[in-house]
Amino acid sequence: MLRSVRVSGRRFYSLKFENEVLEFANRKATVKSNHSWYYPPLSQLRSLEPMRIPAFRSKFDQFHWPQSKRVDEECCLEGRIHSIRKSGKGMVFMDLVQDNSKVQLVLMNKMIGCSKDEFGEYVDLFRKGDNVVAIGFPGVTNVGELSLKLTQQLKMASPILHPLPPKLTDLEKRHHNKVVDYLVNSRSRDLIMARSMILQTIRKFFEARDFIEVETPILSVNSNGANATPFVTHSKHIKSGDDPIPLQLRVAPELWLKRLVIGGFDKVFEVSRVFRNEGIDATHNPEFTTVEFYQSFTTLEQLMELTEGLLLEISQRMQSMDITIVRAKELLQQSSIGFKKLEFIPEIEKATGLPFPQEVTESSLLEYFDKISLPRPSIASVPQLLDKLSSTYLEPQCVEPTFIYHQPSQMSPLSKATTLEYTNGSYEVSRRFELFIQGNEFVNAYEEENSPIEQARKFALQQQEKNIHHDEETPLPDTKYVDSMEYGLPPTGGWGMGIDRLCVFLSNEQRIEEVLTFGTLPDVVRQ
RNA sequence: GAGAGUAUUGUUUAAUGGUAAAACAUCUGUCUUUUAAGCAGUCUAUAGUGGUUCGAUUCCACUUAUUCUCACCA
């Protein structure tokens, strides 16, 4: 057990735990048998009001120090030890970190008031990585480094039981132990901070425009709003007879948000985690975050302006971080002059050199595929064929931020359509755009279909296609949503952006797990 | 769902059909102004099973773990 001794009126803990070996490898046992010393209640350690380290720095960084190079008024600082540098038996330097800010501690046996031997043994109780409370005088060292010169023994607040690796780069080890990754790799921490800053900017943008932030259901009977396989679960309390009704996790919040617009909330947005039971790769995780907003009486053109405005603000804000400054600068320039625009059908014609089929049907599109020698996708439905055209001819053109707009209406059953004249005739196109950057989709937005009659018709068409092509991912129509529409969805602009990809892009990373706090689903499962 | 790779100490990297090397970390010293410090010393490893071989960490097979790519998708 720990002996406590009195030295010149003050009580000190001395020195070695009896019969304990102070090796890191055995530290857990030592800690276990001296538990109350290693994990005391915080209030017991604070004999005066503590300062956060950033506040301490801002108070003393520009301080005009007296001859003695210190101020004889005790301060209390708390944080984690990042470095220990011994310099002789009676003197030790440590770096203490809190709130991403660092300050040096100077420990000297004379100032603390104990013998060198006592001092040395006491200091040996501390390891790089321990959380501690330090009390002492603010001051500077001979070379001018701001420090806290301890007047009392350092106090243990919570120890680390394993030595931190000096480096951790192996992907497997990093993502399967994110705690250590964050302690070791500052970039891993910075990526999470950048994400926070991006989300803050988005919230500020919408708040400044009088949007309200809402939260809509994640669990429901029929997940809708995107083509994707849902995760299925059930509730103990939602049953049909004795059988639980299967519930789905949302694949998109879209239909709930539009119901809110019908209900009179004219400007809503949601930062929403969505769930899709699909493959995992560098740019896909089964759960991911989108921001969606809906604003009544808003056109496609207004949606484009809002998109440029939001990305402008994000790019301005993200100049303040080292890891995002390069991308943010590019984006700032591009969003202030406005993004390039590609209109779907004319651009396909330009790229293929052939006029678009007059009828947008499966057979005419397949014929078109043959003419341009494009291999057919595995599911040869009209939406899939059109999507293939886009990913082959349009999306690769979108290295710089680019809007692709006026997609044929068959691609988006929830979007409002209009008839437009092109060289080869007139077409039903969606009042829709997608924003692509470096060939990746970032934003999907459209004027919402607001006729319950049209919506019911498009849902029916979608089901026909689904049955013909056995496309399991097409959701069942949400007839209750169509019922809600009968109360009058105003002409509404709806918009969604993937946050994970935005973070990956701005931080110039290649993989989605880098911007997820605990990696992708396989990483999460292992932690 | 299909394919390609990887596995050496706590970490990050070497090398080799015959004694596995280094840096950092750990541990032991040392230093009263250090800057994730210096100096001296110490400790720790070939994923598992089988095969070829006088001898396998190295070659082969299987297993396990894991990474990546493609497909689906945002």
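Here is the naming used below: chain letters follow the sequence lines, and residue numbers restart at 1 for every chain.
- By the salt bridge (charged side-chain N to carboxylate O under 4.0 Å, His left out) test, A/R187 is found to be paired with A/E509, residues two or more places apart in sequence or in another chain being considered.
- The A/R526 side chain lies nearest to B/U67 when the options are B/U13, B/U35, B/U67.
- Legend: residues meeting ring pair (Phe, Tyr, Trp, His ring centres under 6.0 Å) with A/Y182, ordered by chain and number and at least two apart, are absent.
- Out of B/U32, B/U67, B/U35, the shortest distance to the side chain of A/N109 is found at B/U32.
- When distances are taken from the side chain of A/K128 to each of B/A36, B/C72, B/C68, the shortest belongs to B/A36.
- A side-chain donor-acceptor contact under 3.5 Å links A/E434 and A/Q407.
- Judged as a ring pair (Phe, Tyr, Trp, His ring centres under 6.0 Å), and not counting sequence neighbours, A/F459 has no contacts.
- Only A/E172, A/K173, A/H176, listed by number, bring a heavy atom of residues 172-188 of chain A to less than 4.0 angstrom from any atom of RNA chain B.
- Heavy atoms of A/N285 sit under 4.0 angstrom from at least one base atom.
- Closest to the side chain of A/K116, out of B/A36, B/U32, B/U67, is B/U32.
- Between the CG atom of A/D387 and the P atom of B/A71 there is a distance of 13 Å, rounded to whole Å.
- Taking a cutoff of 4.0 Å between a charged side-chain nitrogen and a carboxylate oxygen, A/R250 and A/E270 qualify as a salt bridge.
- Among A/F205, A/W495, A/F206, A/Y294, the single residue meeting the ring pair (Phe, Tyr, Trp, His ring centres under 6.0 Å) criterion with A/F269 is A/F206.
- Screening residues 374-408 of chain A for ring pair (Phe, Tyr, Trp, His ring centres under 6.0 Å) gives A/F339-A/F403, A/F403-A/F433 as the qualifying pairs, with residues at least two apart or on separate chains.
- Using a 4.0 Å cut-off between charged side-chain N and carboxylate O, A/E449 and A/R432 make no salt bridge.
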Nucleotide N/O to protein N/O under 3.5 Å, stretch nucleotides 1-3 of chain B:
none

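- Contacts with RNA chain B (heavy atom under 4.0 Å) in residues 132-145 of chain A: A/T141, A/N142, A/V143, A/E145, listed by number.
- Between the CH2 atom of A/W495 and the C1' atom of B/A74 there is a distance of 14 Å, given to the nearest Å.
- Of the candidate nucleotides B/U12, B/U67, B/A74, B/A74 has the atom lying nearest to any side-chain atom of A/E278.
- Looking at heavy-atom distances under 4.0 Å, A/K69 makes no contact with the nucleic acid at all.
- Ring geometry for A/F63 versus A/F60: interplanar angle over 60°, hence perpendicular rather than tilted (30 to 60°).
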Annotated structure of RNA chain B as dot-bracket, pair cut-off 3.5 Å, Watson-Crick or G-U only, | for inter-strand, is (((((((..((((....[..))))..((((.......)))).....(((((..]....))))))))))))....
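- Summarising the geometry, the separation between CD on A/E121 and P on B/U28 is reported as 12 Å, rounded to the nearest angstrom.
- Applying the 4.0 Å criterion to OP1 and OP2 of B/C27, one finds that A/R127 has a side-chain N or O inside that range.
- Distance NZ (A/K102) to C1' (B/U34): 12 Å, rounded to an integer number of Å.
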Please list, pair by pair, any protein nitrogen or oxygen found under 3.5 Å from a nitrogen or oxygen in nucleotides 29-31 of chain B.
unit_1: B/U30; atom_1: OP1; unit_2: A/K89; atom_2: NZ; d: 3.1
unit_1: B/C31; atom_1: N3; unit_2: A/K86; atom_2: O; d: 3.2
unit_1: B/C31; atom_1: N4; unit_2: A/K86; atom_2: O; d: 3.4

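- We find that A/K173 and A/D181 are not joined by a salt bridge, their nearest charged nitrogen and carboxylate oxygen being 4.0 Å or further apart.
- The residue among A/L168 and A/G90 whose nearest nucleotide of RNA chain B lies closer to the 5′ end is A/L168.
- Atom name C1', nucleotides B/U44 and B/U35: the rounded distance is 29 Å, in whole Å.
- For the pair A/Q98 (side chain) and A/I53 (backbone), a donor-acceptor distance under 3.5 Å is present.
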Without placing hydrogens or testing angles, list every side-chain donor-acceptor pair under 3.5 Å for residues 381-390 of chain A, not counting sequence neighbours.
unit_1: A/S381; atom_1: OG; unit_2: A/Q384; atom_2: N; d: 3.4
unit_1: A/S390; atom_1: OG; unit_2: A/E395; atom_2: OE2; d: 2.9

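- Distance NZ (A/K149) to P (B/U34): 13 Å, rounded to an integer number of Å.
- In this structure, A/D99 does not pair ionically with A/R57, as no charged nitrogen and carboxylate oxygen lie closer than 4.0 Å.
- Judged purely by atom type and a 3.5 angstrom limit, A/K149 has no side-chain atom pairing as donor or acceptor with the backbone of A/T141.
- The base of B/C72 has none of its N or O atoms less than 3.5 Å from a complementary donor or acceptor on the side chain of A/N227.
- Note on A/R511: a side-chain N or O is less than 4.0 Å away from OP1 or OP2 of B/C68.
- Positionally, the nearest nucleotide of RNA chain B for A/M94 lies more toward the 5' end than for the other of A/M94 and A/E441.
- Computed from coordinates, the A/R80 CZ to B/A36 P distance equals 18 Å when rounded to whole Å.
- Taking the side-chain contact (heavy atoms from CB on, under 4.5 Å) definition, one finds that A/L150 meets it with A/L105, A/L107, A/I112, A/A134, A/L148, A/L154, sequence neighbours left out.
- Between the P atom of B/G10 and the CG atom of A/D170 lies a distance of 14 Å, rounded to the nearest Å.
- Distance from the side chain of A/P166 is smallest for B/C24 among the nucleotides B/C24, B/U12, B/A37.
- For the pair A/I81 CD1 and B/A37 P, the computed distance is 13 Å after rounding to whole Å.
- Ion pairing between A/E400 and A/K340 fails under the 4.0 Å rule for side-chain N and carboxylate O.
- A/K102 is linked by a salt bridge (charged side-chain N to carboxylate O under 4.0 Å, His left out) to A/D95, counting only residues two or more places apart in sequence or in another chain.
- Here the nucleotide nearest the side chain of A/E473, chosen from B/C72, B/C68, B/A36, is B/C72.
- In this structure, A/I202 CD1 and A/I314 CD1 are separated by 4.0 Å, a value rounded to the nearest 0.5 Å.
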